[in-house]
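Data block below; observations after.
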Amino acid sequence: ALFYAQDPKKFHLGMFEIGKPLGKGKFGRVYLARERSSGFVCALKTLHKSEIQQGKVEKQVRREIEIQSNLRHPNIVRLYGHFHDSKRIFLILEFAGKGELYKHLRKEHRFPEWKAAQYIAQMCAALKYLHKKHIMHRDIKPENILVGIHGEIKISDFGWSVHAPNNRRQTMCGTLDYLPPEMLRPGASDNYYNEKVDLWSLGVLTYEFLVGEAPFEDTPVMTQRRIAKADMKVPSFVSPEARDLIMKLLVLDPEKRIPLEDVERHPWIVKHCATKGGERGA
Ligand SMILES: CC(C)NC(=O)[C@H]1CCC[C@H]1Nc1nc(Nc2ccc(C(=O)N(C)C3CCN(C)CC3)cc2)ncc1C(F)(F)F
């Protein structure tokens, strides 16, 4: 709300006091920043135009800005505005006080079931919000999730998100671990997939939170083969309820994956997430 004091069209670098670097994004650094007149603290993500042009990702960046600017959800990183100078594009983003989820996961090796269930419930809420707008994220993984000051999680990086249905083939970069089989299937020019791709990735995320590694982690060739057959083993230390949810999300046929409404009501989620007003009599 602080930003609305300014005319949204006139953001510029001089408006911000730049603080410590928060880390490196894909196309440039991210800095802690404070908007001078309001004192509002945010994250300023810089994208180098040269690298964007080389990477031929202008369209993706424009889409990321267009999509994320219109999203308002506690489990989605807010994009308040953007501006550019001769060399860089600047995204004015919500500052997440507890940083990058994947760093917490690496440090803790794996999350206790109560924490994993609460994170998955929050992911469900964010995905329900996106899917209602017919937006599929398509790149759900720990690296794209941040942690807010109260321990709540926030997804970001909408570079791969698109409005469903989508029958264009995009070249994916980075890890294959989270890709659903229908995005790996070769050929089929009318290759058609929809937001159910995010359900598969939610299953991979649940597995990785509880086990500490992705279910199909292997060499790239083997990973693709194992995804295509949903070939994975759930270790015995994972509770039967959690295993049940994972097996209902990692289903080859997108139509047979458990919908988000049923994920929210799943016994493993209900057991660990006291929903407000949902409590049964003690
Ligand atoms: C989803 C996307 C793919 N990821 C990103 O963009 C990454 C790329 C680099 C930073 C992050 N982007 C953001 N990070 C924050 N908060 C934040 C980050 C790092 C720390 C932290 O651990 N340190 C400073 C530590 C403190 C201790 N020292 C030792 C190491 C760094 C603490 C808070 N808020 C908003 C953003 C956002 F996204 F809005 F830009």
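Residue numbers count from 1 along this sequence. First listed ligand is number 1; within each ligand, the first listed atom is number 1. The figures that follow rest on heavy atoms only: side chains count, while hydrogens, waters and symmetry mates do not.
Counting heavy atoms from C-beta outward, L260 and C124 have side chains that approach closer than 4.5 Å.
Near N144, the atoms of ligand 1 lying under 4.0 angstrom from a non-hydrogen atom of the residue are 3 (C). Interface atoms of ligand 1 facing V77, defined by a heavy-atom separation under 4.0 Å, are 39 (F). Per-residue contacts place G23 under 4.0 angstrom from the following atoms of ligand 1 (heavy atoms of the residue considered): 9 (C).
The protein heavy-atom contact nearest to atom 19 (C) of ligand 1 is L22 O, 3.5 Å. Closest to atom 26 (C) of ligand 1 among all protein heavy atoms lies K20 NZ, 4.4 Å. Of the protein's non-hydrogen atoms, S156 CB, 3.5 Å is the one closest to atom 1 (C) of ligand 1. Shortest contact from atom 8 (C) of ligand 1 to any protein heavy atom: K24 O, 3.5 Å. Nearest to atom 36 (C) of ligand 1 among the protein's heavy atoms is L146 CD1, 3.5 Å. At the shortest separation from atom 12 (N) of ligand 1 among protein heavy atoms lies V30 CG1, 4.0 Å.
Protein heavy atoms come within 4.0 Å of atom 3 (C) of ligand 1. Protein heavy atoms all stay at least 4.0 Å away from atom 29 (C) of ligand 1. For atom 38 (F) of ligand 1, the nearest protein heavy atom lies under 4.0 Å away. Within a 4.0 Å radius of atom 21 (C) of ligand 1, the protein contributes no heavy atom.
H84 NE2: 12 or fewer foreign heavy atoms inside a 6.0 Å radius. For NZ of K24, the number of neighbouring non-hydrogen atoms (other residues, nucleotides, ligands) closer than 6.0 Å is greater than 12. Within 6.0 Å of CZ on R36 lie more than 12 heavy atoms contributed by other residues, nucleotides or ligands.
Of all the listed residues (C42, G99, G19), G99 holds the heavy atom that lies closest to atom 18 (C) of ligand 1. Nearest residue to atom 16 (N) of ligand 1 from G28, P21, A96, A43 is A96 (criterion: closest heavy atom). Of all the listed residues (K26, E94, K141), E94 holds the heavy atom that lies closest to atom 35 (C) of ligand 1. Proximity annotation for atom 7 (C) of ligand 1: of K98, K103, E100, E100 comes nearest, heavy atoms only.
At a cut-off of 3.5 Å, with distance as the only test, no side-chain donor of W200 or E182 sits close to an acceptor on the other residue. Side-chain polar atoms of D85 and H12 form no donor-acceptor pair below 3.5 angstrom.
Hydrophobic cluster membership differs between I155 and L91, with clusters built from Ile, Leu, Val, Met, Phe, Trp and Tyr side chains linked at under 4.5 angstrom.
Checking only distances, K45 does come within under 3.5 Å of ligand 1, N or O to N or O.
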**OP:** Apply ring-ring contact (aromatic ring centres under 6.0 Å, His included) to the pair Y80 and F40, showing each step before the final yes or no.
**Re:** CA-CA 11 Å; Y80 299 105; F40 190 78; 5.2 Å; yes
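The proximity of L91 to ligand 1, defined as any non-hydrogen pair under 4.0 Å, does not occur for either the backbone or the side chain.
Partner of N75 under the side chain to side chain donor-acceptor pair (under 3.5 Å) criterion, chosen from Q122, E152, K128: Q122.
Rounded to the nearest 0.5 angstrom, L44 CG and M15 CE are separated by 10.5 Å. Note that NE2 of H131 and CD of E195 are 5.5 Å apart. Values are rounded to the nearest 0.5 Å.
Scanning all heavy atoms of the two residues, the minimum distance from V204 to A214 falls at CG1-CB, 4.4 Å.
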